[in-house]
Amino acid sequence: MFWEPDIECMTREGLEQLQLERLQSTLYRVGTNVPFYKKKLNELKFNYDDIRSLNDLQRLPLTEKQDLRDNYPYGLFAVPLRDVVRVHSSSGTSGSATVVGYSRNDIKTWSNLVARVITAAGVTKNDVIQIAFGYGLFTGGFGLHYGAELIGASVIPISAGNTKRQIQIMQDFKSTALVCTPSYALVMADAMMEMGVNPNGLSLRYGLFGGEPWSEAMRQEIHQKLGIIATDNYGLSEVMGPGVSGECQECNGLHINEDHFLLEILDPATLEPVPEGEVGELVITTLTKEAFPMIRYRTRDLTRFIPEPCPCGRTLKRMQRVMGRSDDMLIIKGVNVFPVQIEKVLFEVEGTEPHYQIVIERENHADTITVLVEVVESLFFDEMKKQRMVIEHIKSRLSAELGVSVDVKLVEEKSIERSEGKANRVVDKRQL
Ligand code: DLL
């Protein structure tokens with residue numbers, strides 16, 4: 001099922017021509033209306049006629065999160081505030097907030113792109129969509145909401161939290177699609193067990209998950225526990241919110257809405273493009289945003305393009321699921337480690353629960369890393385010998401996967417704090 005087949009199945013030449021035209025007008029818009037970009041373009045002695053091909057984009061400077069902070073709150077808006085109909089903000093996990101704005105057209109585009117993502121995931125107007133993302137300054141709730149209404153589905157804007165009520169409503173209102181973070185989906189699955197609710201007795205068929213990194217193993221876990229098709233969708237407030245890219249039912253990479261966003265993947269060290277298909281940092285330029293255009297925004301998200309065509313028929317290029325952020329990367333004894341690598345191993349070990357936390361401490365000037373792993377009750381209360389065997393097993397699997405040794409501690413079920421939104425996997429005690 002396609003939402004806009006003409007665009008989703010466009011030829012590469014047609015798409016690139018459209019991107020070039022839109023890029024030219026975006027550059028004109030920011031060069032005229034945003035003092036921050038005007039200054040940068042002037043410094044470069046940039047001439048609009050210089051953009052003749054999409055590769056010319058690489059001559060332009062990157063925009064960093066700090067640039068948004070320096071221009072807090074409205075400094076990067078490209079339209080007067082009277083033309084802004086919505087404001088969202090991202091508090092981020094560290095640092096001060098950033099503010100983003102939308103014109104009426106931006107909201108229309110946003111709804112349309114989210115409608116594409118929802119449709120690609122298999123959801124139609126006949127579905128009942130339970131939106132368990134927070135509604136508010138976070139873009140998740142409102143973003144998915146407008147797209148879901150546009151396709152004509154029945155939307156339940158329950159927002160995040162109050163897990164028992166979520167399940168009650170899911171049963172009573174016969175929700176067929178669940179929208180939230182993947183970690184919250186697992187929290188719901190656990191709560192169902194506790195409440196004695198059999199997921200097979202629900203009407204749920206689809207799960208659209210995003211907002212945080214997750215692994216293929218976690219997808220399988222969700223699929224098994226809730227019996228649904230779980231697709232990934234990606235976005236970030238700085239360039240719009242959800243709707244940048246999303247998986248089709250092949251569940252093998254996220255189709256990028258390339259007619260509205262130009263994506264580059266750069267080597268984080270050299271800031272040069274990586275060879276096609278290799279992992280690097282995602283950099284995004286908006287092509288149609290009116291109120292808050294972004295030129296070459298450094299997302300810090302790590303992914304790669306999937307060059308092969310997708311069997312679904314969409315020609316929009318795919319990106320692989322985001323494996324983490326360059327600033328989430330833990331450097332342990334000189335080795336780069338991502339939380340999702342640890343997650344992948346834990347999912348493969350029998351008796352462990354999909355809840356874990358990585359604790360980093362500093363002892364005698366050396367960093368230590370301990371992975372707290374929830375285990376099933378029977379194992380937690382089992383004899384020491386058995387526990388020690390499990391710990392050794394996890395340790396050896398982790399050191400083979402990561403190339404560095406870590407400590408492992410088994411903890412009781414439900415002892416790691418649960419999140420209704422984005423999960424907090426890393427506790428860095430070095431900053432205390
Ligand atoms: O999380 C937008 C969103 C909401 C996307 C709901 C999808 C669904 P921010 O709060 O600005 O916006 O956080 C953006 O979250 O740079 C990634 O690091 C991470 N992220 C978002 N989606 C995914 C995903 C929203 N599917 C930041 N996989 C991004 C991995 C994701 N990471």
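In each ligand, atom 1 is the first atom listed, and ligand 1 is the first ligand listed. In what follows, residues are counted from 1 in the order of the sequence shown. FYI, side chains are in, hydrogens and waters are out, and symmetry mates aren't considered; it's all heavy atoms of this structure.
Scanning the protein heavy atoms around atom 28 (N) of ligand 1, the nearest turns out to be Glu212 O, 3.2 Å. Scanning the protein heavy atoms around atom 16 (O) of ligand 1, the nearest turns out to be Asp301 OD2, 2.6 Å. Protein heavy atom closest to atom 19 (C) of ligand 1, with residue, atom name and distance, is Gly211 O, 3.7 Å. Here the heavy atom of the protein found nearest to atom 6 (C) of ligand 1 is Phe133 CZ, 3.3 Å. With hydrogens left out, the protein atom closest to atom 11 (O) of ligand 1 is Ser237 OG, 2.4 Å, a heavy atom.
Of the possible polar contacts, none joining the Asp407 side chain to the Thr370 backbone as a donor-acceptor pair under 3.5 Å is found.
Near Thr139, meaning under 4.0 Å from any of its heavy atoms, are these atoms of ligand 1: 2 (C), 12 (O). Close approach of ligand 1 to Asn233 (heavy-atom distance below 4.0 Å) involves ligand atoms 7 (C), 8 (C), 22 (N), 24 (C), 26 (N). Numbered from 1 in the order shown, with element, the atoms of ligand 1 that lie under 4.0 Å from a heavy atom of Arg325 read 16 (O), 18 (O). The ligand atoms of ligand 1 that sit less than 4.0 angstrom from a heavy atom of Gly140 are 4 (C), 6 (C).
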Evaluate side-chain contact (heavy atoms from CB on, under 4.5 Å) for Phe292 paired with Asp106, printing each intermediate quantity in order.
CA-CA 9 Å; Phe292 198 79; Asp106 291 335; 5.8 Å; no
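Both the backbone and the side chain of Leu236 come within contact range of ligand 1, each with a heavy atom under 4.0 Å.
Taking the centre and axis of the six-membered ring of Tyr146, the NZ or CZ atom of Lys108 falls outside the cone set by 45° and 6.0 Å.
Ring geometry for Phe138 versus Phe133: interplanar angle over 60°, hence perpendicular rather than tilted (30 to 60°).
Contact annotation: Lys422 has at least one heavy atom less than 4.0 Å from an atom of ligand 1.
The pair Glu238-Arg298 does not meet the salt-bridge criterion, since no charged nitrogen lies less than 4.0 angstrom from a carboxylate oxygen. Look at Arg397 and Glu401 and you find no salt bridge, because none of the NZ, NE, NH1 or NH2 atoms lies under 4.0 Å from a carboxylate O.
Pairs engaging residues 155-180 under the salt bridge (Lys or Arg N to Asp or Glu O under 4.0 Å) rule: none recorded [sequence neighbours left out].
Defined by atom type and a distance below 3.5 Å, a donor-acceptor pair is present between the side-chain atoms of Asp70 and Gln66.
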